[in-house]
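Here's the structure, in C-alpha cells; my notes come after.
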Amino acid sequence: MTLAVAPPGTDPSGTTLWRPLSRNDIDLLVRSLSHAYEVVGARERRGRVVLDRIDDPAELLLEYSPKVHSPKKFLFPNWEKLFRFRLGGKVLLESERAAVPRVIFGMHPCDLHAVQILDDCLFEGEADSAYRAKREATILIGVDCVPDEHCFCTSMGTDRSAGGFDLFFHRVAEGYLLQVGSERGEALLRRHAPQVASRPGEPPMPWQAKQTGTGLRFPFESLAPLLGEAYDHPIWKAVGEKCLGCGACTLMCPSCYCFNVEDRMDIDLEGGARVRTWDSCQFDQFTRVSGGSEFRANQADRQRHRFFRKYKYLWEKHQRTACVGCGRCSRECLARIAPTEVLNNLFEERALPALKSPGAEYHPQLADIVAVEDLTANEKIFRLRLDGPLDFSPGAFMAVSVFGLGEAPFTIASAPGSGAEIEIVVRAAGNLTRALHRLRAGDTVGVRGPFGSGFPLQEFQGKDLLLVAGGMGLITLRSLLHAILARRADFGRVTLLYGAKDVADILFRQELLRWHREGLLDCRFALRAENNGWGVLRGDVTKLFKDLEIVPARSVAAISGPAAMYRFTNPLLLRLGFSEESIYLNLERHMKCGLGKCGKCRINDICVCECGPIFPYSRVRHLKEAIER
C-alpha cells in the first residue's frame with residue numbers, strides 16, 4: 001500500500017504552512033546564499049536607500065520605503081551587451097556570457113506583479129532570450145511593505161502576491177513568517193536554511209487591509225472601456241502641456257521595457273559591442289521613422305500612448321494592466337502628473353452622465369554582398385547572399401547591420417523563392433546608409449530576418465490589381481510585382497500608378513518600361529518636376545486616378561508610400577468603390593527591431609512588427625497617428 005505524502009510546506013490536509021523565523025535566521029540565510037548567488041537587496045548608501053549588492057547580511061533592509069528604485073534593472077538592465085564583434089578582415093561575432101545566478105531579496109508585492117507583466121510581454125511570441133536568461137537565473141524573494149502617499153497598489157490589486165515568488169516574508173510581532181511559493185524556493189530553503197525548513201509550520205495569517213494615500217475611485221477592470229471612449233479627449237492636451245518629456249515616469253516604472261539597440265565601438269576601433277539601452281515613449285524622436293517624420297510628435301500624444309499602453313492595450317491582451325500602482329511615476333515626475341488624478345477625472349466625467357543563448361535573436365547572420373548597382377544618384381541596390389534560402393512574402397523586411405554603426409530595417413525588393421540571394425535598396429541618408437553605400441561586392445554585412453507579414457497573394461488570385469507607389473514605396477511593390485509576374489496567368493489586369501519627383505528619381509526605370517512594353521502591366525507615371533523630360537503627367541500620384549479603367553468589385557489595391565500619400569489616396573480609392581478590406585497599406589516605415597519588443601513600431605493597439613507591415617485598411621483605419629494625420 002502506498003501512503004499519500006503531503007507536499008513540502010503543507011500539513012496532511014494540504015493546507016500551506018508558514019514557517020516562523022527571526023532576523024538572525026534571515027542573516028544566516030543571506031550569508032549562505034552569498035556563497036552560491038549574487039544577493040541583491042535594499043541597503044543604505046550615502047544617506048539613501050538603494051537596491052544594491054549585499055555583502056554583509058547586516059546591511060539588508062527588509063522594511064524600507066517604496067521610494068527605492070525597482071528591481072527591473074537586474075532582470076532587464078538599462079545597459080546590456082547583446083554580443084561583441086571584432087572587425088578587420090572577416091567579422092567575428094562573440095556571444096555574451098551566461099547570466100549571473102542572483103537572488104533579489106525583499107521585493108515588494110507590486111514589484112513581483114511587475115515581473116509577471118514583463119514575463120507576459122517579453123516571453124510572448126519569440127521570447128526575448130536575454131531577459132529569459134536572467135529571469136531563469138534569478139530567485140525572487142518578497143517581503144510585505146507599508147504604502148506611502150503615492151502608492152495606489154490597493155486599487156490595482158497588487159498590494160499582495162499569491163504567487164510569482166520563490167519565498168516571501170510576512171512581518172509579525174515576534175519576527176517573520178516565511179511563505180514558500182515554488183519548488184525552487186522549497187529546495188533553496190532546505191539547502192541554505194535547513195534549521196528553518198525543519199520547523200513545524202503555522203497556519204497562514206489573514207490578509208491585512210492596507211491603507212494607501214491615493215487610489216482609483218472605480219474598479220480597475222473599468223479602465224480599458226473608460227479609455228476606449230477617451231482617445232480624442234482634451235485631457236491629453238492638458239497633460240501634454242504639463243509634461244516635460246523627461247521620461248522619468250517610464251524609466252522608473254518597474255514594468256516599462258522599451259529599448260534602443262546601437263553599436264558601441266572600442267577605443268581602438270578594432271571591435272565593439274551591440275548594446276541594448278532603455279528608451280522611453282515619452283522622448284522626442286522615439287517614434288521617428290524613415291523620412292524624418294514622427295507619428296507621435298507632441299507630448300499630448302505620447303502621454304495618451306503611455307496611459308493607453310498601461311491600462312488598455314495590455315489589459316485587452318493579457319487581462320492584466322501594465323501598471324502595479326507603485327507610485328514611482330508620480331514620485332519622480334517634475335510636473336507632478338499623477339495617473340490616479342488623470343484617470344479619476346476621466347471616470348467622473350464619464351460617470352456623471354452615465355492592459356537560446358542570451359540575446360540570440362538579436363545576433364545577425366553574416367551575408368556576402370554579391371553585387372552593388374546604382375539606381376539613382378541617391379539609391380543603390382544590393383544583392384546579398386545568405387547561408388540558405390529565405391521563406392517570405394512580398395512586403396517582408398530584413399534588419400541589416402554595419403558593425404560599429406548598428407542596424408536598420410530594409411524591405412526585401414526581390415521576389416520570394418529566389419534562393420539564398422535577396423535584394424535590398426538603400427538610400428544614402430544617415431551614417432549607416434552612407435556606410436552601406438561605401439561597401440562593394442565581396443564585403444560582408446549582418447542580417448536578421450525575414451520579419452513581418454506581407455501581401456496575401458492567395459487572396460489576390462483571379463483579381464485585377466491596382467498598385468499605387470510613391471517614391472521609395474515602389475521597393476515593396478517591386479517584390480510583389482516579381483511574385484505576380486512569375487505566375488502572371490493567375491491574376492487579372494495589373495495597373496501601376498507611380499509618383500516621383502523627377503525622371504532621375506524613378507526606381508527600376510528600365511524594368512518598369514520593359515514590363516509595360518511587353519504588356520505585362522499598365523504602368524503610369526506622375527512627376528512633380530515641371531520639365532520632366534518624359535512628357536508624362538505633372539503632379540503627384542493622385543493625378544493618375546482620373547480615367548482609371550477598373551472595376552473595384554473584382555479588384556484589389558496595394559498602396560506603398562509615405563503617410564502623406566495615404567491621406568489622399570485612401571479616400572480616392574473608397575470613392576471609386578473599393579471596400580476597406582480590399583485596400584492594403586504598407587506601414588514599413590515603422591519597423592525597427594523586427595520582434596515586436598522595442599516599442600518603436602507600436603501604434604495604438606497595433607504592433608507593426610508582429611502584425612504587419614502590410615495591413616488591410618479595415619484593420620488600421622483607426623491609426624490616426626500613422627495614416628490619417
Side-chain angles (χ1 to χ4, degrees), residues 289-293 372-382 394-395 397 409-414 423-430 433-434 436-437 455 465-482 484-485 494-518 520-548 550 557-573 583-589 613-614 627:
V289 298
S290 175
S293 62
V372 182
E373 178 186 344
D374 290 333
L375 286 181
T376 70
N378 296 315
E379 285 91 17
K380 292 186 177 185
I381 185 168
F382 291 76
F397 72 101
F410 295 92
T411 297
I412 302 174
S414 49
E423 292 178 328
I424 62 169
V425 176
V426 180
R427 168 179 286 178
T433 51
R434 284 195 291 267
L436 277 171
H437 270 229
F455 292 100
L465 303 180
L466 175 63
L467 312 182
V468 184
M472 293 189 71
L474 182 63
I475 298 169
T476 301
L477 296 188
R478 186 205 189 218
S479 178
L480 176 60
L481 278 168
H482 272 287
I484 292 170
L485 297 182
V494 181
T495 303
L496 171 65
L497 311 182
Y498 182 25
K501 184 178 179 181
D502 203 347
V503 173
D505 299 305
I506 295 177
L507 301 174
F508 315 114
R509 288 193 293 273
Q510 299 308 316
E511 199 170 49
L512 293 178
L513 291 173
R514 176 168 55 83
W515 290 339
H516 182 77
R517 292 188 187 110
E518 293 175 359
L520 297 174
L521 76 157
D522 178 6
C523 190
R524 307 182 186 188
F525 300 91
L527 303 174
R528 296 194 301 277
E530 290 190 20
N531 300 312
N532 55 63
W534 276 15
V536 301
L537 187 66
R538 179 173 177 264
D540 59 47
V541 72
T542 59
K543 302 289 186 181
L544 299 172
F545 278 74
K546 294 181 180 178
D547 304 322
L548 274 180
I550 196 161
I559 320 299
S560 182
M565 186 184 87
Y566 296 167
R567 288 198 293 273
F568 301 103
T569 56
N570 293 344
L572 287 174
L573 290 167
I583 302 172
Y584 288 84
L585 303 181
N586 177 17
L587 300 186
E588 67 183 14
R589 289 170 179 250
I614 308 301
I627 62 174

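Sequential numbering from 1 along the given sequence is applied to the chain's residues.
Residues V425 and L375 are in side-chain contact: their nearest non-hydrogen atoms beyond the backbone lie under 4.5 Å apart. The side-chain heavy atoms of L467 and L521, taken from C-beta on, include no pair separated by under 4.5 Å. Side-chain atoms of H482 and S414, non-hydrogen and from C-beta on, never get closer than 4.5 Å to each other. Side-chain contact between F455 and L477 is present, with heavy atoms from C-beta onward closer than 4.5 Å. Side-chain contact between I506 and L474 is absent, with no heavy atoms from C-beta onward closer than 4.5 Å. Annotation: side chain of I475 is not in contact with side chain of E379 (no heavy-atom distance under 4.5 Å). Counting heavy atoms from C-beta on, the side chains of L587 and Y566 come closer than 4.5 Å. Annotation: side chain of F568 is not in contact with side chain of V541 (no heavy-atom distance under 4.5 Å).
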Between I559 and M565, is a side chain to side chain contact (heavy atoms under 4.5 Å, CB included) present by the stated rule, with each step listed?
-> CA-CA 9 Å; I559 320 299; M565 186 184 87; 3.5 Å; yes
Could you walk me through whether T495 and I550 pass the side chain to side chain contact (heavy atoms under 4.5 Å, CB included) test, one step at a time?
-> CA-CA 9 Å; T495 303; I550 196 161; 5.5 Å; no
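Residues satisfying the ring pair (Phe, Tyr, Trp, His ring centres under 6.0 Å) criterion with F525, sequence neighbours excluded, are W534. By the salt bridge (Lys or Arg N to Asp or Glu O under 4.0 Å) test, R524 pairs with D522, sequence neighbours left out. Scanning for side-chain contact (heavy atoms from CB on, under 4.5 Å) contacts around E518 gives R514, L520, with sequence neighbours left out. Residues satisfying the side-chain contact (heavy atoms from CB on, under 4.5 Å) criterion with T433, sequence neighbours excluded, are F410, V426, A429. Take E511 and apply the salt bridge (Lys or Arg N to Asp or Glu O under 4.0 Å) test, not counting sequence neighbours, and it matches R478.
Here the straight-line distance linking atom CG of L465 with atom CG of L496 works out to 11.0 Å at 0.5 Å rounding. Rounding to the nearest 0.5 Å gives a distance of 11.5 Å between CD1 of I381 and OG1 of T376. Note that SG of C523 and CZ of R517 are 11.0 Å apart. Values are rounded to the nearest 0.5 Å. Atom CG of L481 and atom CG of L512 lie 7.5 Å apart (nearest 0.5 Å). Note that the CD1 atom of I484 and the CG atom of L480 stand 4.0 Å from one another [nearest 0.5 Å]. The CG atom of L527 lies 11.5 Å from the CG atom of D540; values are rounded to the nearest 0.5 Å.
Shortest non-hydrogen contact noted between E588 and T476 is OE1-OG1, 2.5 Å. S560 and G473 make their closest contact through OG-O, 2.7 Å (heavy atoms, listed as atom of the first residue, atom of the second, distance). Closest approach of G395 to P613, counting heavy atoms only: O-CG, 3.3 Å.
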Result block: side-chain N/O donor-acceptor pairs under 3.5 angstrom for residues 497-505, not counting sequence neighbours:
| from | atom 1 | to | atom 2 | distance (Å) |
| --- | --- | --- | --- | --- |
| Y498 | OH | G471 | O | 3.3 |
| Y498 | OH | L507 | N | 3.2 |
| D505 | OD2 | D502 | N | 3.3 |

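Remark: the backbone N or O of N378 is not paired with any side-chain donor or acceptor of R427 at under 3.5 angstrom.
Shown here is K543, whose NZ atom has no more than 12 heavy atoms of other residues, nucleotides or ligands within 6.0 Å.
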